[in-house]
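See structure below.
In the text below, chain A, chain B and the rest are named by the order of the sequence lines, each starting its count at 1.
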2 protein chains.
Amino acid sequence: MDVADRLVFSRSRLRRGDCLYRAGERFSSLYAVRNGFFKSTAMLDNGRDQVTRFSMTGEVLGLDGIGPERHSCNTIAVEDSEVCAIPFAGLQALAQEIPSLQRHFFKMMSREIEREHGVMLQLGSMNAEERLAMFLLDLSQRFAARGYSRSEFNLRMTRADIGSYLGLKLETVSRTFSKFQEQGLIVVQQKWIRIRDSAALKRVMGRERN
Amino acid sequence: MDVADRLVFSRSRLRRGDCLYRAGERFSSLYAVRNGFFKSTAMLDNGRDQVTRFSMTGEVLGLDGIGPERHSCNTIAVEDSEVCAIPFAGLQALAQEIPSLQRHFFKMMSREIEREHGVMLQLGSMNAEERLAMFLLDLSQRFAARGYSRSEFNLRMTRADIGSYLGLKLETVSRTFSKFQEQGLIVVQQKWIRIRDSAALKRVMGRERN
DNA sequence: CGGTTTCTTGATTGGGATCAATAGGAGTGG
DNA sequence: CCACTCCTATTGATCCCAATCAAGAAACCG
């Protein structure tokens, strides 16, 4: 029996600013992003909330909810978007019967651990330029993986969102973009970015620290 | 058939400084810490490596290896320790047959995502005092959960390890401990710590930021 | 013991936060 | 289409926390 026959995939559209799910809500589905762009924010103990990830077409949202059975972050569309909801109960039952699906799942979750881990880890020891360089290269690579241009794209999010994600203030983000532009690494105009010298960006990112 | 009948749990002892597994090695087992204390370090792209977690008795090590099928960090005993190796292949096969085990597993991994996430996230927006306060309270809580004293314990790791984990330099760790001691929040003498006012530490940790 | 690692404390520096002011776009309604 | 407002981005000036450099002291260990 085919997976698609057993699971009901419901699609839904969201407009810019709409919330896909909120922290604390009961977890029931994973979401595949069909198109658009999302940001997830987590409320820290102190009340401020921080952007924890950006998600684009082809990526899966909601894995964080499986353990606690509640969503642990808010996920908001930063532009008009469309998602496909995958009921987790059904997926889990199916994994019980299909070994390869279970394996796939274990792997996907483990990779998730990895990814978050990796990004956040690196940030800790990086200065502003390194963070921004990493951010741009990460976006570039993900756009490329989805068939979009690797060197030219629109940042869908604001400077404040980028800053929150990277642990910088929006002024620093802006200043650093300007600096990169002066150095000829990128061209930036508002949300539009063109990467002119990705090798140099990699060098900025990899600058050794001690 | 009982789980213990199907899985071979092999125990091994490690001495201070011994390596349980290294990044890049083929992943085959998870490890339950029976006693002792471990630190995990991950090599960043730039060559420096950073402490990513400390693990104590009763905690599970190695989840990060499931996806890539290789360990992605080095794990080293910081004192004489003993672990129990759990072959992952067997565990996976068993999860295929026992729904509750599969569920338990999904949850454990998801919680792992959460935990790392939470800690690292918070760090980004915290200053040195807040980081140290959080670190002490986290350790205190974990010791308490294992039946040890909540208010008095030995830090097994060095100041440099703590600093690496928290994204601070060892001098800052030392200075901040001293400051806490002056304020009467803790008593510190080398690796020995006594928490005198955990409420105050919580207040330090929760100090609002903007 | 001497040698090594670990910890503490002081002096100075620098990168990013903060405060502040202006400019640029986007959306709305007349 | 323009005028108005709001949100977002840029840039400058100043300040502060933690890094860095440096020197000792304390503990650990063969």
With a 4.5 Å limit on heavy-atom distance, are the side chains of B:I186 and B:L201 in contact? yes

Examine C:dC7: is either OP1 or OP2 under 4.0 Å from a nitrogen or oxygen in the side chain of B:K191? Give yes or no. yes

Please work out if B:G163 contacts a base, only the sugar-phosphate, or nothing of the nucleic acid, heavy-atom cut-off 4.0 Å. nothing

Tell me, with the steps shown, if A:F177 and A:I162 meet side chain to side chain contact (heavy atoms under 4.5 Å, CB included). CA-CA 12 Å; A:F177 275 152; A:I162 297 171; 4.2 Å; yes

Scan B:L170 against the nucleic acid and name what it touches under 4.0 Å (heavy atoms): base, sugar-phosphate only, or nothing. base

Rounded off to whole Å, could you give me the CG-to-C1' distance for the A:N154 and D:dT8 pair? 15 Å

Could you please name the option among C:dT6, D:dA19, C:dG15 that lies closest to any side-chain atom of B:L168? D:dA19

First encountered from the 5' end of DNA chain C, between B:R16 and B:E182: B:R16

Using modelled atom types and a 3.5 Å cut-off, is there a donor and acceptor pairing between side-chain atoms of B:R156 and backbone atoms of B:E79? no

Polar side-chain contact A:E171-C:dC19 base: donor and acceptor under 3.5 Å: yes

Quick one: A:D161 CG to D:dA9 C1', roughly how many Å, whole number? 13 Å

What is the distance, rounded to the nearest whole Å, between atom CZ of B:F180 and atom C1' of C:dT9? 17 Å

Can you check the A:E79 CD to C:dG27 P distance for me, whole Å? 13 Å

Among D:dC21, C:dC7, C:dG25, which nucleotide has an atom closest to any side-chain atom of B:Q190? C:dC7

May I have the distance from A:L132 (atom CG) to D:dT10 (atom P), rounded to whole angstrom? 11 Å

Mark yes or no for a side-chain to base donor-acceptor pair under 3.5 Å between A:R175 and D:dG12, with no hydrogen or angle criteria applied. yes

Aromatic ring pairing A:F143/A:Y148, orientation class (parallel under 30°, perpendicular over 60°, tilted between): perpendicular

Please report the distance, rounded to the nearest Å, between CZ in B:F177 and C1' in C:dC7. 11 Å

Can you tell me the distance, in whole Å, between the CH2 atom of A:W192 and the C1' atom of D:dA9? 17 Å

D:dA9, OP1 or OP2 - any side-chain N/O from A:R159 closer than 4.0 Å? yes

Using a cut-off of less than 4.0 Å, is there contact between a side-chain N or O of B:T172 and OP1 or OP2 of D:dC17? no

Between A:K169 and C:dT18, is there a contact of a side-chain N or O with OP1 or OP2 at under 4.0 Å? yes

Among C:dT8, C:dT6, D:dA27, the one nearest any side-chain atom of B:T158 is C:dT6

Which label fits A:F135 and A:F54: parallel for a plane angle under 30°, tilted from 30 to 60°, or perpendicular past 60°? perpendicular

